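Since the structure comes first, as structure tokens, the remarks are kept for the end.
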Amino acid sequence: MDVQTLWQSQLEELLEDFAKQVAFKPGQLFVVGCSTSEIVGQRIGSAGGLEVAESLFGPLRVFAKKHDIYLAFQGCEHINRAITMERQTAQVFSLEPVSVIPVQKAGGSMSAYAYTHFTDPVVVEHVQAHGGIDIGQTLIGMQMKPVAVPIRTSIKQIGEAIVTLATTRPKLIGGERAIYNNK
């Protein structure tokens, strides 16, 4: 098995395991942070590649379609971790596009690849996603709703990159006498 097929396989298994633990609601937003450099065993931002992004984009799209959720890709720090998505997604969430086009060296390979492969791409400044995947410690927490909950899966890495998955839940407020709806 070649390395790109291995990465795809790892991602597919990880996403399948994630979906067994998280009940997605149609129309939710799923953010992807990805360091293609970390996947190939290099320091974040130093050796990324569009071919790595290409190998992961397909399985992520399939996952989003299967669960009827929207995909968003976090860019790197050079574009302040702005988010690439379809224009339709931005409209659904009432997000205002900003003027930047992610490229491999300023935005990151994954975000740049998504931008060139979406039908009508835009970039927005930030989101409040319902769930997400962080491949290579890209710090997607700033793009999540306020109470993020980590999800453990059997796959801990894609290539050499550490992977963290999260879902979110509503805030628990009201103190010890409060009753919570756990749905």
Side-chain angles (χ1 to χ4, degrees), residues 11 15 18-19 22-39 44-45 48-50 52-151 161 163-173 183:
L11 179 59
L15 291 171
F18 184 56
V22 175
F24 296 101
K25 293 182 179 126
Q28 288 187 319
L29 186 61
F30 187 82
V31 67
V32 178
C34 180
S35 169
T36 58
S37 297
E38 290 280 336
I39 291 172
I44 194 167
L50 295 173
V52 179
E54 178 183 16
S55 68
L56 303 180
F57 188 75
L60 287 164
R61 265 194 139 158
V62 168
F63 174 76
K65 185 173 183 169
K66 179 179 180 180
H67 297 284
D68 195 21
I69 58 178
Y70 295 102
L71 274 180
F73 292 86
Q74 177 179 273
C76 74
E77 65 184 291
H78 296 101
I79 60 170
N80 297 326
R81 304 202 193 290
I83 304 293
T84 300
M85 61 180 51
E86 289 283 8
R87 185 176 306 279
Q88 174 192 3
T89 304
Q91 291 170 343
V92 165
F93 291 96
S94 299
L95 300 169
E96 190 67 31
V98 294
S99 295
V100 69
I101 296 173
V103 294
Q104 189 173 353
K105 296 294 183 187
S109 296
M110 192 78 237
S111 189
Y113 189 88
Y115 191 90
T116 61
H117 287 81
F118 275 150
T119 304
D120 187 13
V122 296
V123 178
V124 301
E125 198 168 0
H126 54 83
V127 297
Q128 291 279 289
H130 301 92
I133 182 170
D134 188 321
I135 305 168
Q137 300 178 316
T138 62
L139 305 175
I140 64 166
M142 65 189 287
Q143 307 297 348
M144 303 288 288
K145 288 185 169 282
V147 185
V149 180
I151 302 295
V163 177
T164 304
L165 293 125
T167 188
T168 59
R169 65 161 174 77
K171 294 177 183 181
L172 302 176
I173 62 170
K183 292 181 185 174

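Quick caveat, the model's predicted, so the values are computed rather than measured.
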- Query: When you look at Ile69 and His130, which way does the side chain to side chain contact (heavy atoms under 4.5 Å, CB included) test go after all the steps?
  - Reply: CA-CA 10 Å; Ile69 58 178; His130 301 92; over 6 Å; no

- Message: Is it the case that over 12 heavy atoms from other parts of the model lie below 6.0 angstrom from the CD atom of Gln128?
- Response: yes

- Task: Starting at CG of Leu71, measure out to CD1 of Ile133 and round the result to the nearest 0.5 Å.
- Result: 10.5 Å

- Query: Can you name the closest pair of heavy atoms from Thr138 and Ser35 and give their distance?
  - Reply: CG2-N, 3.5 Å

- Task: Begin with the C-alpha distance, continue with both residues' side-chain angles, and end with the deciding distance and a verdict on side chain to side chain contact (heavy atoms under 4.5 Å, CB included) for Met85 and Val124.
- Result: CA-CA 8 Å; Met85 61 180 51; Val124 301; 3.9 Å; yes

- Query: If we only count heavy atoms from C-beta on, is the Gln137 to Ile44 side-chain gap below 4.5 Å?
  - Reply: no

- Item | Test item: Thr36 side-chain N/O and Gly49 main-chain N/O as donor-acceptor pair under 3.5 Å | yes

- Working to the nearest 0.5 Å, report the span between OG1 of Thr116 and CD of Glu54. 9.5 Å

- Enter the distance from Met110:CE to Cys76:SG here, rounded to the nearest 0.5 Å. 13.5 Å

- Looking only at heavy atoms, which two atoms of Ile79 and Ala106 are closest? And how far apart? CG2-O, 3.6 Å

- Would you call the rings of Tyr70 and Phe93 parallel, tilted or perpendicular, where under 30° means parallel and over 60° means perpendicular? perpendicular

- Message: What's the separation between atom CG in Asn80 and atom NE2 in His126, rounded to the nearest 0.5 Å?
- Response: 11.0 Å

- Does any N or O in the side chain of Glu86 come within less than 3.5 Å of the main-chain N or O of Asp120, such that one atom is a donor and the other an acceptor? yes

- Check: Phe73 ring centre within less than 6.0 Å of Tyr113 ring centre: no

- Do you know which two heavy atoms are closest between Thr84 and Phe118, and how far apart they sit? O-CE1, 3.9 Å

- Show the numbers, then the answer: is there a side chain to side chain contact (heavy atoms under 4.5 Å, CB included) between Leu56 and Ile39? CA-CA 11 Å; Leu56 303 180; Ile39 291 172; 3.4 Å; yes

- Query: Between Val147 and Thr168, does a side chain to side chain contact (heavy atoms under 4.5 Å, CB included) hold up when you go through it step by step?
  - Reply: CA-CA 5 Å; Val147 185; Thr168 59; 5.8 Å; no

- Could you give the distance from CG (Leu15) to CG (Leu60), rounded to the nearest 0.5 Å? 6.0 Å

- Message: Are more than 12 heavy atoms, taken from residues, nucleotides or ligands other than Ile101, located less than 6.0 Å from that residue's CD1 atom?
- Response: no

- Considering all heavy atoms, the nearest Gly132-Phe18 contact: O-CZ, 4.4 Å

- Query: Can any side-chain N or O of Gln28 pair as donor or acceptor with the backbone N or O of Lys25 at less than 3.5 Å?
  - Reply: yes

- Task: For the pair Phe30 and Phe24, name the ring-plane relationship: parallel under 30°, tilted 30 to 60°, perpendicular over 60°.
- Result: perpendicular

- Message: So, taking the atom named CG in Asp134 and the one named CD in Gln74, what distance separates them when rounded to the nearest 0.5 Å?
- Response: 7.5 Å

- Task: Taking Gln143 for its side chain and Arg81 for its backbone only, find out whether a donor-acceptor pair lies under 3.5 Å.
- Result: yes

- Message: For His67, is the NE2 atom crowded, meaning more than 12 foreign heavy atoms sit under 6.0 Å from it?
- Response: yes

- Closest approach of Leu50 and Ala112, non-hydrogen atoms and distance? CD2-CB, 4.3 Å

- Query: Which pair of heavy atoms, one from Gly136 and one from Glu38, lies closest together, and at what distance?
  - Reply: O-CG, 3.6 Å

